[in-house]
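Only heavy atoms go into these numbers, but all of them, side chains included; no hydrogens, no water, no symmetry mates. For clarity, every value in this text was computed on a predicted model and none was experimentally measured. Each chain gets a letter, A, B and so on, in the order its sequence line appears, and its residues count up from 1.
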Amino acid sequence: MREIQLSLNQTQKIRLQKALQKLESLHSKVNSDASVTVADTIPISLEDSILKGHGTAERNGEVVATVCGVVERVNMLVYVRSLRSRFKPEIGDIIVGRVVEVAQKRWKLEINFNQDAVLMLSSMNLPDGIQRRRTAVDELNMRNVFEENDVICAEVRNFQNDGSLQLQARSQKYGKLEKGQLLTVPPYLVKRQKQHFHHLVQYGVDLILGCNGFIWVGEHCDARDTVAEEQLNNTEEQNIKSTRVSENVPLETRRNICRVANAVRVLSTLGFSLTLEVILEAFNLSSTLNLGIDEMLVSEFHVW
Amino acid sequence: MVGLSVGEKHFIQGGINQNLRSDGRKRDTYRPIFVETGVIPQANGSARIRMGATEVIASVKAELGRPSALQPDKGKVAIFVDCSPVAEPTFEGRGGEDLSTELSVALQRCLLGGKSGAGAGIDLSSLVVAEGKICWDLYIDGLVVSSDGNLLDALGAAIKAALSNTGIPRVHVTAAASGDEQPEVDISDEEFLQFDTSEVPVIVTLTKVGRHYIVDATSEEESQMSSAISVSINRKGHICGLTKRGGAGIDPSVISDMISVAQYISEQLINKLDSEISAAEADEDES
């Protein structure tokens with residue numbers, strides 16, 4: 001097991017060891033022979049013609065693994081999927097990113113990837129909701145929609161030629177995220193699932209698990225009403241924007257937001273995959289204790 | 001340091017107003033502090049302190065030297081801080097120099113007192129070997145490994161831990177000399193004097209955001225600050241040094257209020273630090 005970046009005193013170390021052993025014993029039955037480390041030979045039957053995929057190499061007539069991971073076989077393709085890798089985006093992924101640049105007809109977002117993602121102006125709903133050609137006036141008003149350092153939620157539309165992502169935010173559930181906090185976790189902890197937008201009704205908290213490792217925890221916002229808001233003229237629009245943002249998050253919601261955020265932090269430190277169930281379990285467990293992260297180390301006893 | 005959107009800034013400020021910060025702490029709570037001593041075996045004393053994501057290392061090296069003519073009965077202590085590029089890419093080359101100088105000066109002011117040596121947190125007269133001739137020079141170096149706010153407090157705590165881990169070799173003056181000659185000394189390799197750190201002060205930094213002060217700010221919260229006051233307080237509750245940072249001016253009554261809050265917090269911090277340091281030393285002795 002990799003080194004966990006926590007300083008634990010003796011008793012906590014012992015508890016962590018016991019919990020890890022418990023986890024391993026539960027999982028040891030499942031595909032232990034499929035995991036390989038570097039230079040392990042991958043067992044193949046010599047009759048089939050095998051396509052050697054990522055993470056494999058041929059050496060002395062044998063197929064060996066070049067990365068540590070799990071062997072996957074798809075028809076004739078054999079490849080090694082590494083456990084801890086950089087974020088590998090796919091079309092349709094939900095991404096949470098931060099605007100770093102407002103460029104011509106597009107926004108550039110930072111998404112914890114090796115290149116910035118691009119959100120074209122034409123991939124955003126216009127404020128007045130009409131589908132029309134973007135004019136020069138729309139370009140000049142781009143800053144009214146998203147500014148630098150704004151946190152945005154969007155979906156991957158396709159890849160561009162140089163490998164960077166193109167995003168789209170056409171649906172009502174995408175858009176600017178306010179009234180909350182952004183957490184960064186290693187991207188391989190967020191697996192692809194059916195639902196990435198979670199609205200925790202009983203706590204009034206929005207939880208968005210971005211596939212790139214950015215997780216947004218914030219107060220619940222109903223579907224963006226940017227349409228209604230921007231139909232007013234400029235001065236009124238400024239007032240409404242500032243009042244909407246500066247309304248304080250109520251204390252109870254804030255407590256829930258902080259507790260969910262701490263649950264995510266602890267789970268990511270311990271290396272658990274982040275799914276809604278695990279986060280809620282950690283949340284409920286911590287509700288019976290205090291909120292300090294030290295006490296939340298008890299969640300290591302959680303076997304999922 | 002990444003920027004913050006308007007919504008996030010409001011969230012942080014709102015949290016501070018409501019006494020519930022982003023990670024659930026109250027305004028006057030420190031992040032968990034982890035202390036490790038003896039991390040640098042070649043130094044006379046060293047310590048590594050981690051407060052949340054902020055990590056600093058402090059080391060103490062002692063060398064024999066001459067005391068200054070103005071204060072022949074006191075040793076000398078020099079404090080330097082280096083911000084490693086590991087902490088922030090902007091610290092590469094000369095980028096971290098501003099911050100390093102600022103931290104070094106603030107630490108000197110908080111721990112060493114003024115030029116005349118008055119009001120020093122560290123007792124310099126315990127460092128003298130032969131008055132006027134030989135004294136110990138302590139070189140205290142701080143290294144910022146990872147920066148997530150509140151560097152001054154972490155460095156102050158690391159220096160305190162490093163000093164309590166410091167062993168100064170015992171020196172026997174073998175030949176008495178007259179006039180300007182240097183007496184011969186015999187530095188023992190076996191016996192060490194542990195430095196007395198019960199009087200060393202800790203540094204408490206109060207960051208003012210809006211109308212409230214918070215202790216132990218993360219770098220996100222520090223980006224929202226209007227001003228910050230760092231007070232170094234010793235066990236008796238006396239103030240050994242005071243530094244103000246930040247562009248906004250503060251009303252004097254607010255400063256007195258902040259100082260009394262800092263005094264209150266420093267008691268808990270001193271107790272916590274002392275217990276962590278002794279636990280760390282016990283761990284080190286075992287291993």
(message) Other residues, nucleotides and ligands only: do more than 12 of their heavy atoms fall within 6.0 Å of CD on B:Glu92?
(response) no
(request) Check whether A:Leu182 gets within reach of chain B through its side chain, its backbone, both or neither, counting any heavy atom under 4.5 Å. (result) both
(message) Show every salt bridge (Lys or Arg N to Asp or Glu O under 4.0 Å) that has at least one partner inside residues 205-219 of chain B, sequence neighbours left out.
(response) B:Arg25-B:Asp216, B:Arg31-B:Asp216
(request) State, to 0.1 Å, how close A:Asn149 and B:Glu8 come at their nearest heavy-atom pair, and which atoms those are. (result) O-OE1, 4.4 Å
(request) With the side chain counted from C-beta on, respond yes when A:Arg254 and B:Phe11 share a heavy-atom pair under 4.5 Å apart, and no when they do not. (result) yes
(message) Ignoring hydrogens, what is the shortest heavy-atom contact between A:Gln181 and B:Ser22? Give both atom names and the distance.
(response) NE2-O, 2.9 Å
